[in-house]
Undergrad: 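Please find one structure pasted underneath; my questions will follow.
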Protein chains: 2
Amino acid sequence: MASGSGEELHGHEDEDYGDAATMEAVRQLRAGYAWADVVSFEPASAAGRAVRVRGAAQAVRAVGRRVAILVLRQGAATVQCVVSGGDGGMARFAAGLSRESVVDVAGVVSLPREPVRGTTQQLVEIQVEKLHCISRAVPNLPISVDAAARSEEDVARAKAAGEQLVHVGQDKRLGYRVIDLRTAANQAIFRVQCQVENVFRQVLLSEGFVGIHTPKLIGGSSEGGAAVFKLDYNGQPACLAQSPQLHKQMAVCGGFERVFEVGPVFRAESSDTHRHLCEFVGLDVEMALRDHYSEVCDVVDRLFVAMFDHLNKNCAKELEAIQRQYPFKPYLETTLRLDYDEGIRMLQEAGVHVDPMGDLNTGREKAGRACSRQRFSIACLTWVELNHDRYGTEFYILGRYPSAVRPFYTMPCSDDPRYSCSFDVFVRGEEIISGAQRVHDPELLAAQAEARGIDVSTIAAYVNSFRYGAPPHGGFGVGLERVVMLFCGLGNIRKTSLFPRDPRRLAP
Amino acid sequence: MASGSGEELHGHEDEDYGDAATMEAVRQLRAGYAWADVVSFEPASAAGRAVRVRGAAQAVRAVGRRVAILVLRQGAATVQCVVSGGDGGMARFAAGLSRESVVDVAGVVSLPREPVRGTTQQLVEIQVEKLHCISRAVPNLPISVDAAARSEEDVARAKAAGEQLVHVGQDKRLGYRVIDLRTAANQAIFRVQCQVENVFRQVLLSEGFVGIHTPKLIGGSSEGGAAVFKLDYNGQPACLAQSPQLHKQMAVCGGFERVFEVGPVFRAESSDTHRHLCEFVGLDVEMALRDHYSEVCDVVDRLFVAMFDHLNKNCAKELEAIQRQYPFKPYLETTLRLDYDEGIRMLQEAGVHVDPMGDLNTGREKAGRACSRQRFSIACLTWVELNHDRYGTEFYILGRYPSAVRPFYTMPCSDDPRYSCSFDVFVRGEEIISGAQRVHDPELLAAQAEARGIDVSTIAAYVNSFRYGAPPHGGFGVGLERVVMLFCGLGNIRKTSLFPRDPRRLAP
């Protein structure tokens, strides 16, 4: 209905309820009611207050002919609204509302005789005096929020009891993400994600890092390799950055010394896995080093311990909501730091066969990038279980990888160039962060590229950027979605991307 | 030189100076010296301390045969290092260093008899005891940091005095951005930019907003129009998001109510202007509204006043550094809020001819987007000068634009649909922010699109996302680079993009 028509309330002569075309029309009818948030009702102080709330009609049911119960949801918070009184017209109007319609309720907060079941506000309810529908949802929703919020366990339990509960598959959820996002678990997941990013930024800012933004449109492919999205840039060939690697290194060499970036990273992945996306949010760090590449590991360590502490302390409600739908064991806090050699030795002691160099030298995924991560992470998965018993942690940093399995720009160890100044970080048995000291000497960089069969002329711009004075430096990158997935023990990275992009999905 | 070769210091038998292949090699020679930051030297406490600093050799000159003066730079901080003593070997080594080489200095902090000229640390200097070069810059730099740091005024003044000073043009600067970024002004600009983003995030987080990340790879063009980068996505046609508009609206409808995003925005602009980039960082906000779209303006107002206050209070050093190279008047703090009608009236009173509707109805830039912004901003430029005298501000919000000049998804005013629930924000006479309430009613949205000649079937996904219950909502977007450019009175947006992308530039 067009606004500004003069006739802005429709369907009912009684102004106490009806459809409203504009929020301005409702406002006129809400004198004497104060805006309130469902999440912040406190039984002691709220009782008796005349309030106004707006939210989604999560559930509606008629109780006899003159009463209706409406569960109103704001974010992840829900409250019961009792619609009664008068000639029953308002209750019939309420009972006729389609689920997920946005309604504007005015009424008085009261204390129910018994705690309300199934709402987050159990000790207060609202006695409705005015009720207007702001936005009607279609009567037949493609998925229901209730069904999308069910855990697999609930569905299985019901099935065992002979009951059939709808289970919404991943693909359908993602197809109707605007509804799927309304579940308590999803509301929590993306609030946790926001906190992860915020702690990342605040810890780094407090340590003198500068937040930067590097271009995503670049002239060549950022790390070589095939998984690159190509495009035409005003007649020039261009591609989307696969990582901010070169530009964050240039920022360090440009005098900023310690930088970080939060931004999209693009990988034209062709294989569908539970842990890869074609577009994800990269948390990247690059810093000048003083004495040793372990300074990068120190930053990782402080950063992730602060992050996980913060989540455990400040996001208890959100973690609980996620656990209700997707059960996981809370994370254990100590960090374990080991060199690659020691990890291999521990695996061998435990009877797991791993060839210290060979296992990693096979099955290269692509030129110029670390290889055989997957095989190694399977080995580590076994190892981390041992590790968990022995050390009480699921978070560890494994350093000094063999040079052969790291990119050409990785600095070799000064005491033994067969090993490199590099590390990976594992959470719950999966690799989550990759980091290293970079080669800042243009001659060594060119030599290492050549030794890998890379045509140095194709990376001349990269090599040349170190010819104007370059400090020793290193850094790391980590996917925001992966951090949240592994911290919350979620089995699929699509659960931690707001609108995921995988090899098949480009919408919504 | 390859590291791990056993022979890591080169060129000199004396270990007090020389070239060092690795940072590990230098470390061994630095026992007894404590790492220090140039910026934090305090004369009273630093004097007599044995320190170690690493930085760029900004300037080097021999003083006689046995003394050399080296100006060492870290970020924007500089300190004078005096190289003397022994047989003069170290002084000769120092004098032979190419500018911008990275050096590792160990020595004792002393108090110079007279303040040092030309360094940021004027009351302390370092008596060098050990000096190693970590990374040699090429002897002939393509641009010098000194020349890049010169203001146009300095060049003009020198010229007037018959002296010829090198002036580095914009294009050359950007070509060698890794050197150009080392100037004090650039060090300051990107630190200010980081603070702008941080205040934006912190103010919004404190008001209950959730930070989100929406996809940059999308299946259609985000707002229609031609300025879209197209690419192939595993066989599907795709493009880069021109704004997070749809997805941030979906996030609000998905239950998050108040969201913000900081991320890249892509526009395949074909015209080179001082204020457009093909890739910039968008600061975006979208929020559920309660009563009126002015709630969005309230957020803008609080946000930008907080931001500008923070910069004036906490970034005085940085603003000073920028002003030294690019003089600008400090920003005035009060916000002025006016409706479009009033602005037009004021212009007319001042004798500036502006047709209240007509002026804006001509010269559409592109279908579906606001038109004739440029002409209007020229009008406003005149107006803001009047305004500055009358109101003492260069920051104002102009609301209630005619509907005809805003995109089809803009909500018409409920009292007069010829006007819309929209606004622009101007800083120093240029439009910086555009915002509005969006149409959340799918029927009205389709009708408005159709009235503009848009084929509704092409925007079905957009329209349909409001069919599952949608709260009234609105938001705004602003370019990070533009905020910094206008706040600092910089004349070109390329100055506030770390590695700018314009129609001709895709590198570095």
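Values below: every heavy atom of this structure, side chains too, minus hydrogens, waters and symmetry copies. To find a chain, count down the sequence lines: A is the first, B the second, and so on, and within it residues start at 1.
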Undergrad: Could you tell me which residues satisfy salt bridge (Lys or Arg N to Asp or Glu O under 4.0 Å) with Glu197(A), sequence neighbours excluded, listed by chain and number?
TA: Arg201(B)
Undergrad: Look at the side chain of Ser101(B) and the backbone N and O of Ala137(B), then say whether any donor-acceptor pair between them is shorter than 3.5 Å.
TA: yes
Undergrad: In terms of relative ring orientation, are Phe229(B) and Tyr233(A) parallel, tilted or perpendicular, with 30° and 60° separating the classes?
TA: parallel
Undergrad: Look at Gln195(B), Arg73(B), Glu279(B), Glu100(B) and state which one has the largest set of heavy-atom pairs under 4.5 Å with chain A.
TA: Glu279(B)
Undergrad: In chain order, what residues pass the ring pair (Phe, Tyr, Trp, His ring centres under 6.0 Å) check against Phe280(B), with sequence neighbours excluded?
TA: none
Undergrad: So what's closer than 4.5 Å to chain B heavy atoms on Ala447(A): side chain, backbone, both or neither?
TA: neither
Undergrad: Count the heavy-atom pairs under 4.5 Å between each of Phe256(A), Tyr176(A), Phe190(A) and chain B, then report the option with the highest count.
TA: Phe256(A)
Undergrad: So for Ile179(A), is it side chain, backbone, both, or neither that comes closer than 4.5 Å to the heavy atoms of chain B?
TA: side chain
Undergrad: Who among Pro503(B), Ser98(B), Ala507(B) has the most heavy-atom pairs with chain A under 4.5 Å?
TA: Pro503(B)
Undergrad: Carefully, step by step, assess Val39(B) and Gln74(B) under the rule side-chain contact (heavy atoms from CB on, under 4.5 Å).
TA: CA-CA 8 Å; Val39(B) 74; Gln74(B) 276 181 344; over 6 Å; no
Undergrad: Pairing donors with acceptors under 3.5 angstrom, does anything connect the side chains of Arg191(B) and Gln187(B)?
TA: yes
Undergrad: Side chain, backbone, both or neither: which part of Asp180(A) has a non-hydrogen atom closer than 4.5 Å to chain B?
TA: neither
Undergrad: Under 3.5 Å, is there a donor on one side chain and an acceptor on the other for His473(A) and Gln249(A)?
TA: yes
Undergrad: side-chain contact (heavy atoms from CB on, under 4.5 Å) between Lys216(A) and Val265(A): does it pass, once the steps are laid out?
TA: CA-CA 8 Å; Lys216(A) 304 310 156 202; Val265(A) 173; over 6 Å; no
Undergrad: With chain A as the partner, which of Arg467(B), Arg504(B), Arg501(B), Gln202(B) has the greatest number of non-hydrogen pairs under 4.5 Å?
TA: Arg501(B)
Undergrad: Report the option among Pro442(B), Pro472(B), Ser465(B), Ala56(B) that has the most heavy-atom pairs separated by less than 4.5 Å from atoms of chain A.
TA: Pro472(B)
Undergrad: Test: salt bridge (Lys or Arg N to Asp or Glu O under 4.0 Å). Region: residues 248-257 of chain B. Which pairs qualify, not counting sequence neighbours?
TA: Lys248(B)-Asp284(B), Lys248(B)-Glu286(B)
Undergrad: Can the ring centroids of Phe466(B) and His440(B) be said to lie less than 6.0 angstrom from one another?
TA: no
Undergrad: So, the side chain of Gln236(B) versus the backbone of Gly219(B): is there a donor-acceptor pair under 3.5 Å, distance only?
TA: no
Undergrad: Please state whether the side chain, the backbone, both or neither of Gln437(B) comes within less than 4.5 Å of a heavy atom of chain A.
TA: side chain
Undergrad: Chain A heavy atoms under 4.5 Å from Asp232(B): which part of the residue, side chain, backbone, both or neither?
TA: backbone
Undergrad: Tell me, for Arg136(A) versus chain B, whether the close heavy atoms (under 4.5 Å) come from the side chain, the backbone, both or neither.
TA: backbone
Undergrad: If only side-chain N and O atoms count, and only distance matters, is there a donor-acceptor pair under 3.5 Å linking Thr496(B) with Gln193(B)?
TA: no
Undergrad: Tell me, out of Arg30(A), Gln448(A), Arg27(A), who's got the most heavy-atom pairs with chain B below 4.5 Å.
TA: Arg27(A)
Undergrad: What distance do Ser497(B) atom OG and Leu277(B) atom CG have between them, rounded to the nearest 0.5 Å?
TA: 5.5 Å
Undergrad: Applying a criterion of heavy atom separation less than 4.5 Å, what residues of residues 138-145 of chain A form contacts with chain B?
TA: Val138(A), Leu141(A), Pro142(A)
Undergrad: Is there a donor-acceptor contact under 3.5 Å from the side chain of Ser135(A) to the main chain of Ala470(B)?
TA: yes
Undergrad: I need the residue from Asn198(A), Val262(A), Thr214(A), Val103(A) with the largest number of non-hydrogen atom pairs under 4.5 Å to chain B.
TA: Asn198(A)
Undergrad: Examine distances only and state if a side-chain atom of Ser403(A) and a backbone atom of Tyr419(A) form a donor-acceptor pair shorter than 3.5 Å.
TA: yes
Undergrad: Go through the atoms of Val178(B) and report whether side chain, backbone, both or neither lie under 4.5 Å from a heavy atom of chain A.
TA: both
Undergrad: Does any heavy atom of chain B fall under 4.5 Å from the side chain of Arg505(A), the backbone, both, or neither of them?
TA: backbone
Undergrad: Is it the side chain or the backbone of Ala461(B) that comes within 4.5 Å of chain A heavy atoms, both, or neither?
TA: neither
Undergrad: Could you have a look at Cys278(A), Ala288(A), Ala268(A) and say which one has the most heavy-atom pairs with chain B under 4.5 angstrom?
TA: Cys278(A)
Undergrad: Please flag which part of Arg52(B) lies under 4.5 Å from any non-hydrogen atom of chain A: side chain, backbone, both or neither.
TA: side chain
Undergrad: For residues Glu269(B) and Asn234(A), is any side-chain donor paired with an opposing acceptor at under 3.5 Å?
TA: no
Undergrad: Based on non-hydrogen pairs under 4.5 Å, which of Arg290(A), His292(A), His247(A) is most in contact with chain B?
TA: Arg290(A)
Undergrad: If you count heavy-atom pairs under 4.5 Å between each of Asn186(B), Val252(B), Val102(B), Leu205(B) and chain A, which one has the most?
TA: Val102(B)
Undergrad: Select, from Gly55(A), Cys194(A), Gly75(A), the one with the greatest count of heavy-atom pairs under 4.5 Å involving chain B.
TA: Cys194(A)
Undergrad: Tell me which of these, Ile212(B), Leu289(B), Leu480(B), has more heavy-atom pairs under 4.5 Å with chain A than the rest.
TA: Leu289(B)
Undergrad: Evaluate the side-chain contact (heavy atoms from CB on, under 4.5 Å) criterion for residues Ile218(B) and Leu506(A): first the C-alpha distance (whole Å), next the side-chain angles of each, then the deciding distance (0.1 Å), finally the verdict.
TA: CA-CA 6 Å; Ile218(B) 53 175; Leu506(A) 187 55; 5.7 Å; no
